[in-house]
Protein chains: 4
Amino acid sequence: MTPARAPRADAVRNRKKILAAAGEQITAHGPEVGMDEIAAAAGVAVGTLYRHFPTKTDLVAAVVAAYVARVADGAESALGRVEAGARAVDELTAFLGRVVEASVTDRAVKAAAQTLGAEQGDRADEDRAGAAVAALIRAGQADGDIHPDVTVSDIYLLFSTAPTDQPPTARARWLDLVAPGLTTGARQAGN
Amino acid sequence: MTPARAPRADAVRNRKKILAAAGEQITAHGPEVGMDEIAAAAGVAVGTLYRHFPTKTDLVAAVVAAYVARVADGAESALGRVEAGARAVDELTAFLGRVVEASVTDRAVKAAAQTLGAEQGDRADEDRAGAAVAALIRAGQADGDIHPDVTVSDIYLLFSTAPTDQPPTARARWLDLVAPGLTTGARQAGN
Amino acid sequence: MTPARAPRADAVRNRKKILAAAGEQITAHGPEVGMDEIAAAAGVAVGTLYRHFPTKTDLVAAVVAAYVARVADGAESALGRVEAGARAVDELTAFLGRVVEASVTDRAVKAAAQTLGAEQGDRADEDRAGAAVAALIRAGQADGDIHPDVTVSDIYLLFSTAPTDQPPTARARWLDLVAPGLTTGARQAGN
Amino acid sequence: MTPARAPRADAVRNRKKILAAAGEQITAHGPEVGMDEIAAAAGVAVGTLYRHFPTKTDLVAAVVAAYVARVADGAESALGRVEAGARAVDELTAFLGRVVEASVTDRAVKAAAQTLGAEQGDRADEDRAGAAVAALIRAGQADGDIHPDVTVSDIYLLFSTAPTDQPPTARARWLDLVAPGLTTGARQAGN
DNA sequence: CATGAATGAGTATTCATTCAT
DNA sequence: CATGAATGAATACTCATTCAT
């Protein structure tokens, strides 16, 4: 219960620079980038890295957490659009597509997290995302467009198996193959 | 042409032991298991590893190749059953399911191969698998059960995104979600 | 231009300890001494070796460079004495003798450099040595003591063939055998 | 005192092939060539190498011994020519030159021997060479051409310091620089 | 007697982490 | 609080030597 003295401005700046650099470096060179390289990319010394994140695993966890937060934001805006009248199935699949695209950027992050056994950073963001997706699904089911047994964890399952390291055409095709499993209508030729 | 003097019995035994151990170790601890650990698990000295596979990359490639060979076998037996009267869609999805199950055993192998940029060992096995899968698809399309635009690379795309590291129930659910993308009928509730 | 922040005191100390230890170890056990052994002899961990010299080759090159710098110093003092009135031939042969003696200490260094294909570190020191030796030769030739066709590369040739790994008497005898090739006078019995 | 049963013909052939191959390989790639490579070059298996030479050191010693034998032959022919009327100084320097040239071929052999601490193979050949050289020196001294204090070990000293790894011009120049130390006459300009 | 597969200690090098400056 | 030098365990790979076939 330390009063948590307000962190110094430059420390906050450093934390952000480090998170950004770590994201870029891991994205670009995979989870095995050295801490030194991340530090250099962030423009700080290794020691500073370790002041903010006691362990490489912690750093990666933080990067993943930031990614989860962005996903949550995306889910909530989709939900917002549905509440404003958009069709839920469309928003859900579009959301799925956007996540897959974003994953490309954050490519190896997922792998890094697994490799290092990173712990969940911020439960809160995950819950936020989960709530929004659940609402989207319910809306789609109310419309009769989304299959009644689809759940939030189905969406997560698809997230976790998205072909993030494949070319755009493959990713688009994957969406086509996977969408019919969520919806009620029969598959149409050519899409 | 090649004199190919019969390989010594013990050398063959060792090669098999090494491949098996490498598969297990990589499965259990990921691609970064040390060569020493693999050697110990195989009951040989490191030098023996290197006599059989000049490089860690080569070893992983061989493990992957063995896996591909098993997949090819599976595809061909499925095709055999179809030729003997079985329904093609069923055999195709069953085959997909079996590959996913098998993948669990070979879990990280795929990742290992990517990490190390392993080359594929035996084109032949890949071709064998491809031919058999293509025949299955054609048969299912002739029956009117498989969607006309489904191709062999669709099947490979699904392979490569199978949730090999998830619990059995998740893997089963994944099959349910993915199957409708391949077939013509509308999705039925509860499957 | 280079900010060149003053190197930390302990880092400088370590660099020196490492160079000294490397010289000794290579001298004592040849170029194949392990980096670990050099590190131990220097009282540091291997990692520290690699922080200062990214490669064994680089380390050896640095040792050789230090040796070249000492040779250059020796040549320049000899030249200084000549300018102060000493006889050039005598200084040149004495210099040759001193280099050979010093080589004993740095015994295998030369071999190590060759074995590893080490690049030369500081051209400057080599040039310094070359200039001083050239001046010595010219002075001796002006005196009529040194044979007119002797060049700097002759001196280097003799350096490179000095019997550095032989007992002192052999080294002295070698000097006696080799000196007449540089001078004008006929050889005298007994020296 | 085992009767030393006459060695089988093929064993003798193998011994020769191995010695030749070892000489070539060490000459070409230095003392650190692997035993496997030598074996391959000789067209036998490693086991056969070890049957003939229990240790790499022993093998190198044998290669050196063969070299010494050739040197002895050269010395003896030179002596023969002197006895047939040739001038001793000329034969001695020519012999020195030929040894240096030959050394080029056997380049790293000397280094290999040192590196491995190889023992003398055949005292007899060394003695043969020593006797012939001694006779040459005595003859030259009787002619008044060779300096009276020159000994056999002087010649060996020069052998051991010959610039075997330098280009032909450097080797020739080295001979010019070194010859005056052996002879009585004053050095002449230009040779 | 030849073969070549197996052994295993040894080598250079990397990298997460600590700690003196 | 930042810096970057030091640490040292770990890793892939080599090679002289042994020994089953």
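If you're wondering where the values come from, they're calculated on a predicted model, not measured in any experiment. Residue numbers begin at 1 in each chain, while the letters A, B, ... track the order of the sequences.
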J.: Examine dA6(F): is either OP1 or OP2 under 4.0 Å from a nitrogen or oxygen in the side chain of His52(C)? Give yes or no.
T.: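 Affirmative; the distance criterion is met.
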J.: Take atom CD1 of Ile18(A) and atom C1' of dT3(F), then tell me their distance rounded to the nearest Å.
T.: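 After rounding, the gap between these two atoms is 13 Å.
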J.: How is the base pairing of DNA chain E summarised as a dot-bracket string, given the Watson-Crick and G-U wobble criteria with both distances under 3.5 Å, [ ] for crossing and | for another strand?
T.: .||||||||||||||||||||
J.: Can you tell me how far CG of Asp58(A) sits from OH of Tyr50(A), rounded to the nearest 0.5 angstrom?
T.: 10.0 Å
J.: Enter the distance from His52(A):NE2 to Asn14(A):CG here, rounded to the nearest 0.5 Å.
T.: 5.0 Å
J.: To the nearest 0.5 Å, tell me how far Asp36(C) CG sits from Gln25(C) CD.
T.: 11.5 Å
J.: Say you draw a straight line from CZ of Arg15(B) to CG of Asp10(B); how long is it, rounded to the nearest 0.5 Å?
T.: 14.0 Å
J.: Taking the nucleotide of DNA chain F with the closest heavy atom to each, which residue, Val44(A) or Val44(C), is nearer the 5' end?
T.: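 With Val44(A) and Val44(C) compared, the 5'-side residue is Val44(A).
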J.: Could you go through the side chain to side chain contact (heavy atoms under 4.5 Å, CB included) check for Val63(C) and Tyr67(C) one step at a time?
T.: CA-CA 6 Å; Val63(C) 173; Tyr67(C) 171 68; 5.8 Å; no
J.: How close or far is atom P of dG8(E) from atom CG of Asn14(B), stated in whole angstroms?
T.: 13 Å
J.: From Thr55(D) OG1 over to Met35(D) CE, what is the distance, rounded to the nearest 0.5 angstrom?
T.: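 Answer rounded to 0.5 Å: 7.5 Å.
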J.: Mind calculating the distance between CZ (Arg15(A)) and P (dC1(F)) to the nearest angstrom?
T.: 13 Å
J.: Rounded to whole angstroms, how far apart are NE2 on His29(C) and P on dG10(E)?
T.: 15 Å
J.: Generate the contact string for nucleotides 14-21 of chain F. Rules: B means base contact, S means sugar-phosphate contact only, - means no protein heavy atom under 4.0 Å.
T.: B-SBB---
J.: At less than 4.0 Å, is any side-chain N or O atom of Arg51(B) found next to OP1 or OP2 of dG4(E)? Yes or no.
T.: no
J.: For the atom pair CG (Leu49(A)) and CD1 (Ile18(A)), what is the distance rounded to the nearest 0.5 Å?
T.: 4.5 Å
J.: For Lys16(C), check side-chain contact (heavy atoms from CB on, under 4.5 Å) against everything at least two apart and list the hits.
T.: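 Lys16(C) satisfies side-chain contact (heavy atoms from CB on, under 4.5 Å) with Val12(C) only.
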J.: Starting from the C-alpha separation in whole Å, work towards a yes-or-no answer on side chain to side chain contact (heavy atoms under 4.5 Å, CB included) for Leu19(D) and Phe53(D).
T.: CA-CA 10 Å; Leu19(D) 272 179; Phe53(D) 305 95; 4.1 Å; yes
J.: Just to confirm, is there a sub-4.0 Å distance from OP1 or OP2 of dA5(F) to any side-chain nitrogen or oxygen of Thr48(C)?
T.: no
